[in-house]
Amino acid sequence: MSPSDPRRTVRDRIERRALAVLAVVTTLLLVGMFYYPVGAVFREAFIVDGRATLGLFLEFLRDPFYFGDLARLLRGDPLREVLPSLLSFERPSSIVGFTAYQAFLSTILSVILGVPLAYLLARYEFRGRRTLRSLTIVPFVLPSILVAVGFRATFSTNGPVNTALGFFGLGPVELLFTLEAIVIAHAFYNAPLVARVTLAAWESVDASAIETARSLGAGPFRAFRDVVAPQLYPSVLMGATLTFVFTFGTFPIVLALGDASLMTVEVRVFRLVERFDYAEAAALAIIELAISLTILYGYLRYEAKQTMQSRGARPLPRRPLRPPALTARELVPRIGLGVYSVVAFVLFVVPMVSLVIASLTTDGGSWTLDNYRFLLERQVEGAAFQVQPWPAIRNSLLFGVATLAVALPMGITVSVLTTRRYRGRKVVDVIAMAPLAVSGLIVGLGLLRGPVFGIEFGGYRLIIGGAIAIVAAHAVAAYPFVVRTVAPGLQNLDPRLVESARSLGASRARALVDIELPLVWPGVVAGAAFVFAISIGEFSATVLLATGTDQFTMPIAIERFIGRRLGPATAMGVVLLVVTSLSFIVIDRLGGEQRNGGL
Amino acid sequence: MADSDERRLSADQSPAISLDGVTRTYGATTAVEEVSFAVSEGEFFTLVGPSGCGKTTTLRLVGGFEQPTDGTVQLSGEEMVGVPPEERDIGIVFQNYALFPHMNVRENIAYGLNFTDPPDGQTKAERVEELLSLVDLEGMGKRDPDNLSGGQQQRVALARALAPGPSVLLLDEPMSALDAELRERLRVELKDIQQTLGVTTLYVTHDQEEALAISDRVAVMRDGRIEQIGTPREIYHQPATRFVAEFIGDNNVFDGELVTVQEETLTVRLDGNRSTVVEIERPEQGTFSAGPLQTGDHILFCIRPESLLVDHGENALEATVESTEFLGGTTRIQLDWNGRTLLVHGDKTVGEQTTIGFDPAAAHVIERL
Ligand SMILES: Nc1ncnc2c1ncn2[C@@H]1O[C@H](COP(=O)(O)OP(=O)(O)OP(=O)(O)O)[C@@H](O)[C@H]1O
Ligand SMILES: [Mg+2]
């Protein structure tokens, strides 16, 4: 290469800076789409009438409506009076109390349903095991509003469950709008997560460790207790913690499956925003964030002390599912798994099947395509403010593509920046991945109060359209998943490959395009599928930003339809299901399983 | 150092590579310390030293993959601070070759031609063919790197590095993943190619034999510093430090006190046995920094095993055979001499008492202690 060749110098100079430019643009986007809006929420909550204050927070803390018995204590009620109800196991009536209560129950149920699944997948060989294993990633792409419609379809008075019960002369059960429905829906969502992290630990148990224990005289149960269990329970705890945090911040499921008496913090935040009580909404959202982060932080502290991840040199062998002999020892666990399968089938499969059936039937129970025809109608009879189905589908697809265009380059840039070694990389890591920990409601609220309503800018008012804000919120929620699918691949690439390319004359950016990305492209495509699925299914931020505009998406439309007409809601649910299933297949084929990377 | 003087450059021509006081630290570790050397145009220069001594780091500093903490790196007289690797006009071959797995052999070799026009007005395709035949891989262009043997991969990597016609070739232990026989064959080929092209080459290896075999000059490194720079013969016959004497080939190092200093010879009372006095040739003046050698000085000198002769009367040492090692051409004998181990070549049986001696000219004075 001759450095003086004039044809090349200009392009060189651009290329040489390309990565730096990308890094700067990504930083600006991250600030504009995430840190500035979140900052706006904090300002809203902490600055009242131009003065910094903790007043709003103190009010919340002392309000029994939010904090129940704790608030009564803080208000100065005597402990003697508060203690009995504090210690009772009744469902708390305060909002934070109820939120924690349902999250706790959801976590228990998710663990109960998730661990056997991990056991089945880790210890037994059967047809479809790999498929079943891949399906545990579905919760990451399945919009929660979809789960809600599925449950509505399943448990409605003439849904499959009550029809089946009626056939046996039982029922009907009224599960809708109950705590039970919410907890079961949460388990649908989170049990696979628990299963996934537990499975990863189970598969990394080294068979020779167990064999050593057995050779030293431990029976099979004792060996399990002494060798396997200690390796599993940190993972079960991780699954449980994540489930608790996720369900503590639950929103669409409770919005769709709960009623006025079942209100979680996020639903309350949403109601406050609807009533234009922005400051209160902001303060409450921050309280929720603080609680979630405290739990996560506590867990991470615990996990740091526990790290004993032994990469299983030789994983445990899998047994055939068909019992090799008819002894109690062979039969008991398999019968247990059989019972589990029935429960799991009802929980995981029936809602999705009911969704499809409900979309194809009329209220009277006869087959129809009316619900789908309705989706294509541009103008719905009735008031103009009603949500129209076709624009919702169109918007969802448009936002999905736009989000892809923003989140994919961002995710790749962050992946490159976080896999290189340099001082302060940890900080970059945290800053870049923070959006994972912050609820969509906060981002949505921040975007709504900041850019959407307008930012004063030296006398000008900078107003960003609802559509852009929605894409921004989706991109922020989605790009960390690109990092998760791309970064491990980059990390595992031999750095000598890039160095070779550069010694041959390629700029850093060119080496990324020519060498690194082609070698990790499955991860890139899987990341893209994640982005699309997350954008299509995003609810929390979208519902805030779309209110009062015509920018609503499929999940929002579903939520609006649910209350009035289940049929169209289920039909749109099926469309959503198809789109997210396609994303799932892409992720699964190309990189969902990538080295078990924490997903 | 007569040999190296010959290739010293005329004042107006800058060396192809020149390092001046280069230091590179990583936190508390100093990988490379105060390293200075100059490689002239077309020279084959080798860095050799034990594992962890800083060879790779030095090479990476030249390549621009690392920046010096202190000191300067120049290529063809141009200061290289802040110049990225792609603008340094280098070719590099790593130990694991780092072939691009998603490209076939031809695409690998052609990759650098995306950024540089092939030399001599060749087309890209012609250039690739030329290199394929240079490294003896005609017809292999369509193969995937994964389906090649280690030796073939190594040649592809070499061809890829040479394709753009770099002015400096950097090689980091390119042979160490190959078996011994192949290694010897390939190093002859490598030297041939290097001489044909006349490309300045910086070669890194921990194999001292390899270093001596292919280099024009060798720098021996230890703990981040350069111990000695010289031609293979100088390094072998006139080691400048005890470390070099012992690292390069087998050696017997003695220490002792100068009893007499004469015109031609020195007599030394050996520390290993105070009653033994030997006579060795006096080195040329000026070799020792702090003035000429004087009676009473303590010195270090060495004698190669092949120059220590069994049953030799001159400078006789009484020793016992400890073990023997049959090496094919010769047998290497380990002797115990007053609790110290000596290595000689010869034919003896274990336990045998023997007298060994040497010609005064066979001893090389390393340094004054
Ligand atoms: N990126 C780095 N960070 C920290 N220390 C490093 C780094 N690179 C090298 N070192 C340290 O610098 C010293 C020299 O390393 P270098 O790789 O240059 O040795 P080497 O001579 O090539 O050894 P080898 O023959 O084993 O390849 C070692 O102690 C090594 O641990
Ligand atoms: Mg090295």
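In what follows, chains are A, B, ... by sequence order, proteins preceding strands, each numbered from 1.
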Do B:Met103 and A:Ile515 come within less than 4.5 Å of each other through their side chains, counting heavy atoms only? yes
Are the side chains of B:Pro84 and A:Arg502 in contact, using a 4.5 Å heavy-atom criterion? yes
Against chain A, label B:Ala157 side chain, backbone, both or neither, depending on which of its atoms sit under 4.5 Å from a heavy atom there. neither
Quick one: are B:Glu86 and A:Ser503 in side-chain contact, heavy atoms under 4.5 Å? no
Where does B:Leu113 contact chain A at under 4.5 Å (heavy atoms): side chain, backbone, both or neither? neither
Has B:Glu78 got more than 12 heavy atoms of other residues, nucleotides or ligands less than 6.0 Å from its CD? no
For residues 59-69 of chain B, the salt bridge (Lys or Arg N to Asp or Glu O under 4.0 Å) pairs (sequence neighbours left out) are A:Glu499-B:Arg60, B:Arg24-B:Glu66, B:Arg60-B:Glu66
Measuring from atom CG of A:Leu497 to atom NE2 of B:His102, what distance do you get when rounded to the nearest 0.5 angstrom? 8.5 Å
Between A:Ser500 and B:Tyr111, is there a side-chain heavy-atom distance shorter than 4.5 Å? no
By a 4.5 Å heavy-atom criterion (distance strictly below it), what part of B:Phe65 contacts chain A: side chain, backbone, both, or neither? side chain
Part of B:Asn96 lying under 4.5 Å from any heavy atom of chain A: side chain
OG of A:Ser507 to CZ of B:Phe115, rounded to nearest 0.5 Å, is 7.0 Å
Taken to the nearest 0.5 Å, the spacing of A:Arg496 CZ from B:Ile92 CD1 works out to 8.0 Å
Applying side-chain contact (heavy atoms from CB on, under 4.5 Å), name anything that partners A:Pro495, two or more places apart in sequence or on another chain. none
Heavy atoms only, distances under 4.5 angstrom: which of B:Pro101, B:Ser167, B:Gly63 has the most pairs with chain A? Name it, please. B:Pro101
